[in-house]
Amino acid sequence: MKKIIIVLLVLIGCVACAGAAVNLSEKQQDEVVAKINVAASEMKTMSCSFTQTKYLSLLSDKMLSSGKMYYRQPNCLRWEYASPYSYLFVFNGSKVYVGNNSRKNVIDTNTNKIFKEIARIMMNTVTGKALSDKTDFAIGVSDNHTSWTVTLTPKKKELKQMFMKIELIFNKSNLHISELNIFEKNNDKTNIKLNDIVYNGPIKESLFAIP
């Protein structure tokens, strides 16, 4: 379940830069969110590689992993871990697949309330609705000169149990997410960086087939 939540959080959209962040006024925040929403609505497809670093509060070591992500409107997503282990998440319509070579599971979101809620938030984040819909999160925006940092603080009890807050960093140059930080209640932190991002390029339909 936690892997699925991480995938969801990535789509809520971010490279951080040096220098103190300046908190924006509510009006300025609304203007930034509106710009990000426009860019998100124009994104028909997206593909990229990613690197994920997990910082554990009780250990000095880092947990590193990497893989690829593919998205296509309106509701197709493939999130694939390749290293150091293989793990696949595919969302296509009302069907969700999670698993690896030894364990596979297919869930119908129409009959599973938890996954249906995950699917709803997931699609809202990809289309940009999550940043303007304040039902799920309280939203704050700060200016880092070449990027905006959007902080999402969960409102719902279910989300509060999963994490404390999320920091999304959007490049001002293209208004798209390139990095995010997930802060969990146990003081663990997950950093995810998106690399080699391609927007509105061709993506094979077979990538979203439920195995």
Do the side chains of I139 and V150 get nearer than 4.5 Å, heavy atoms only?
yes
Side chains of T149 and N144: donor-acceptor distance under 3.5 Å anywhere? yes
Sequence neighbours excluded, the answer for ring pair (Phe, Tyr, Trp, His ring centres under 6.0 Å) partners of Y55 is none
Given side chains that start at C-beta, do those of N195 and T51 come closer than 4.5 Å, heavy atoms only? yes
Handout entry: I177-I197 co-clustered via ILVMFWY side chain contacts under 4.5 Å
Key = yes
| query | Side chain of Q29, backbone of L24: donor and acceptor closer than 3.5 Å? | reply | yes
* Would you indicate whether the side-chain heavy atoms of I107 and V98 approach each other to under 4.5 Å? => yes
Checklist line | Transitive ILVMFWY side-chain link M43 to L168, under 4.5 Å | finding: yes
I'd like to check N191 versus L180 (side-chain heavy atoms, cut-off strictly below 4.5 Å). Are they in contact? no
What one should report as the nearest heavy-atom pair of K155 and K160 is O-CE, 3.2 Å
Side-chain (Q28) to main-chain (S25) donor-acceptor, under 3.5 angstrom
yes
Exercise. Mind checking whether W148 and S142 have side chains closer than 4.5 Å, heavy atoms only?
Worked result: no
Name the orientation class of the two ring planes belonging to F137 and F163 (parallel below 30°, tilted from 30 to 60°, perpendicular beyond 60°). parallel
All heavy atoms of H145 vs all of K172, minimum pair found to be O-NZ, 2.9 Å
Inspect the contact between K54 and E184 and indicate whether a charged nitrogen and a carboxylate oxygen are less than 4.0 angstrom apart.
yes
On a heavy-atom basis, the closest approach of N181 and K189 is OD1-CE, 3.2 Å
Distance col, row M69:CE vs S49:OG, nearest 0.5 angstrom, shows 10.0 Å
* Please answer whether the main-chain N or O of G201 pairs with a side-chain N or O of T45 as donor and acceptor at a distance below 3.5 Å. => yes
- [ ] Please check if the distance between the ring centroids of W79 and F50 is under 6.0 Å.
- [x] yes
message: Between V33 and L152, is there shared hydrophobic-cluster membership here, with clusters defined by ILVMFWY side-chain heavy atoms closer than 4.5 Å?
response: yes
Besides I210, the hydrophobic cluster formed by Ile, Leu, Val, Met, Phe, Trp and Tyr side chains linked at under 4.5 Å, directly or via other members, contains L88, V90, Y97, V106
Checklist entry - Is a side-chain donor-acceptor pair under 3.5 Å present for S173 with N171? => result no
Residues S86 and N100: closest non-hydrogen pair is O-CB, 3.2 Å
The reported gap from OH in Y71 to NZ in K44 (rounded to nearest 0.5 angstrom) is 9.0 Å
Between L64 and T53 the two heavy atoms that sit nearest each other are CD2-OG1, 3.4 Å
> Less than 4.5 Å apart, any side-chain heavy atom of R78 and any of K68?
Replying inline: no
List the steps, then state whether side-chain hydrogen bond (donor to acceptor under 3.5 Å, both in side chains) holds for Y87 with E80.
CA-CA 6 Å; Y87 190 87; E80 183 176 355; over 6 Å; no
OG (S47) and CG (N200) are apart, to the nearest 0.5 Å, by 10.0 Å
- Considering only heavy atoms from C-beta outward, does the side chain of M63 approach that of L56 to under 4.5 Å? yes
Applied to residues 185-211, the ring-ring contact (aromatic ring centres under 6.0 Å, His included) test, sequence neighbours excluded, yields H176-Y199
CG (L207) and CG (N92) are apart, to the nearest 0.5 Å, by 11.0 Å
Are M46 and Y70 co-members of a hydrophobic cluster defined by side-chain heavy atoms under 4.5 Å apart? no
Flag the pair F183 / E167 as yes when at least one side-chain heavy-atom distance between them is below 4.5 Å, and no otherwise.
yes
Practice task
Using modelled atom types only, decide if a donor and an acceptor are shared between the side chain of S65 and the backbone of P84 within a distance under 3.5 Å.
Solution key: no
